[in-house]
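Heads up, the thing below is written out as structure tokens.
Convention: sequence-line order gives letters A, B, ...; per-chain numbering from 1.
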Protein chains: 2
Amino acid sequence: MNLTGNELLQVFEALANPHRMRIVSSLREGRKYVSELAREVRMSRPLLYMHLHRMEIAGLVSARLELSDDGKAKKYYELTEFELLLTPDAISDAVRTLTDKNAAETSTLEEE
Amino acid sequence: MNLTGNELLQVFEALANPHRMRIVSSLREGRKYVSELAREVRMSRPLLYMHLHRMEIAGLVSARLELSDDGKAKKYYELTEFELLLTPDAISDAVRTLTDKNAAETSTLEEE
DNA sequence: TTCATGTGTAATATATTTATTACACATATA
DNA sequence: TATATGTGTAATAAATATATTACACATGAA
């Protein structure tokens with residue numbers, strides 16, 4: 001798994017929160033839908049959404065909306081299997097591809 | 001290296017910032033004193049202090065105040081050699097020792 | 001004495017993250 | 001129809017993190 005500086009930063013940001021660490025732990029048992037997970041980690045659904053979005057952007061989890069037998073739509077979140085070795089060297093390498101701003105645009109033009 | 005949940009969280013928090021990632025990268029070249037490092041990473045000294053403190057608490061760096069030949073006191077910061085494998089399992093394990101608050105007190109009494 | 005170089009911190013402003021509240025909409029069942 | 005269960009989001013409040021400014025104090029050299 002070779003991440004750019006910005007990607008690695010997003011992973012750190014995604015993990016730098018106790019709730020999100022617990023979410024990782026909970027999802028390790030298997031995929032769960034949002035309301036289900038919200039009950040488990042004792043969190044309001046809107047708040048959980050926010051946390052899941054951050055984790056999704058970082059690539060830690062992925063989502064999939066399904067229609068269950070009882071007709072309810074359920075959004076299942078699943079854990080990404082990741083494995084990265086964290087060392088000063090690994091971070092230094094990543095820093096070389098770390099841009100100042102997490103600029104949204106993938107523009108060809110680089111600003112001063 | 002076996003960290004508790006709270007310790008691991010602090011490491012994530014310490015790394016979840018582009019400046020601090022750059023500091024790790026810079027210190028990998030060798031120890032540096034604060035003003036020197038501030039010039040390298042182009043940051044004001046008070047701000048750098050703040051970042052270094054966070055990293056120090058997380059155990060990523062260590063400091064040592066020395067008296068240099070020219071009589072100036074210089075505070076040298078050095079990188080800790082760390083190596084941790086980041087996987088869902090590792091995080092889950094750590095979560096078991098993750099307390100709700102980063103409570104300062106190491107009290108025997110546990111609050112409800 | 002003044003200047004350039006260090007350390008150290010308090011007070012404050014700004015920005016970002018985290019959390020809550022209040023909605024809208026859908027399906028199945030009592 | 002009312003209730004319980006889902007999804008999804010906008011607006012706002014509260015808490016933290018980040019950044020700046022302004023200090024005090026010290027040493028050596030010009």
For this session: Tell me whether the OP1 or OP2 atom of D:dT7 has a side-chain N or O from A:Ser35 closer than 4.0 Å.
Result: yes

For this session: Check whether any side-chain nitrogen or oxygen of B:Tyr33 sits under 4.0 Å from OP1 or OP2 of C:dT7, and answer yes or no.
Result: no

Exercise. What's the CD-P distance between B:Glu66 and C:dT7, to the nearest Å?
Worked result: 12 Å

For this session: Using whole Å, report how far CD of B:Glu56 lies from C1' of C:dG8.
Result: 14 Å

Exercise. What are the two closest heavy atoms between A:Thr80 and A:Ser62, and how far apart are they?
Worked result: OG1-N, 4.4 Å

Exercise. Rounded to the nearest Å, what distance is computed from the CG atom of residue B:Leu67 to the P atom of nucleotide C:dG6?
Worked result: 14 Å

Problem set entry | Below 4.0 Å: OP1/OP2 of D:dT18 and any side-chain N or O of B:Asn17 | yes

Exercise. Going hydrophobic residue to hydrophobic residue with side-chain gaps under 4.5 angstrom, can you get from B:Tyr76 over to B:Val24?
Worked result: no

For this session: Report the distance from atom CZ of B:Arg54 to atom C1' of D:dA17, rounded to the nearest whole Å.
Result: 6 Å

For this session: For A:Arg20 and C:dT17, give me the distance from atom CZ to atom C1', rounded to whole Å.
Result: 8 Å

Exercise. Looking only at side-chain N and O atoms, does A:His53 come under 4.0 Å of OP1 or OP2 in D:dG8?
Worked result: no

For this session: Using only side-chain N and O atoms of A:Lys75, determine if any of them is under 4.0 Å from OP1 or OP2 of D:dG8.
Result: yes

Problem set entry | Donor-acceptor pair between B:Ser68 and B:Asp70 side chains, under 3.5 angstrom | yes

Exercise. Any side-chain N or O of B:His51 less than 4.0 Å from the OP1 or OP2 oxygen of D:dA19?
Worked result: yes

Problem set entry | Strand-adjacent residues in residues 37-50 of chain A, judged by heavy atoms under 4.0 Å from DNA chain D | A:Arg39, A:Arg45, A:Pro46, A:Tyr49

For this session: Mind listing the closest non-hydrogen atom pair of B:Ser26 and B:Val41 along with its distance?
Result: CB-CG1, 4.4 Å

Exercise. Side-chain heavy atoms under 4.5 angstrom apart, residues restricted to Ile, Leu, Val, Met, Phe, Trp, Tyr: same cluster for B:Tyr33 and B:Ile23?
Worked result: no

Seminar exercise, completed: In whole angstroms, the gap separating P of D:dG28 from CG of B:Asp69 amounts to 11 Å

Seminar exercise, completed: The single option from B:Lys75, B:Arg31, B:Lys32, B:Lys72 that satisfies salt bridge (charged side-chain N to carboxylate O under 4.0 Å, His left out) with B:Glu66 is B:Arg31

Problem set entry | Considering all heavy atoms, the nearest B:Leu9-B:Leu98 contact | CD2-CD1, 4.2 Å

For this session: Take atom OH of A:Tyr77 and atom P of D:dG8, then tell me their distance rounded to the nearest Å.
Result: 7 Å

For this session: Take the protein atom CE of A:Met55 and the nucleotide atom C1' of C:dT18, then report the distance between them rounded to whole Å.
Result: 15 Å

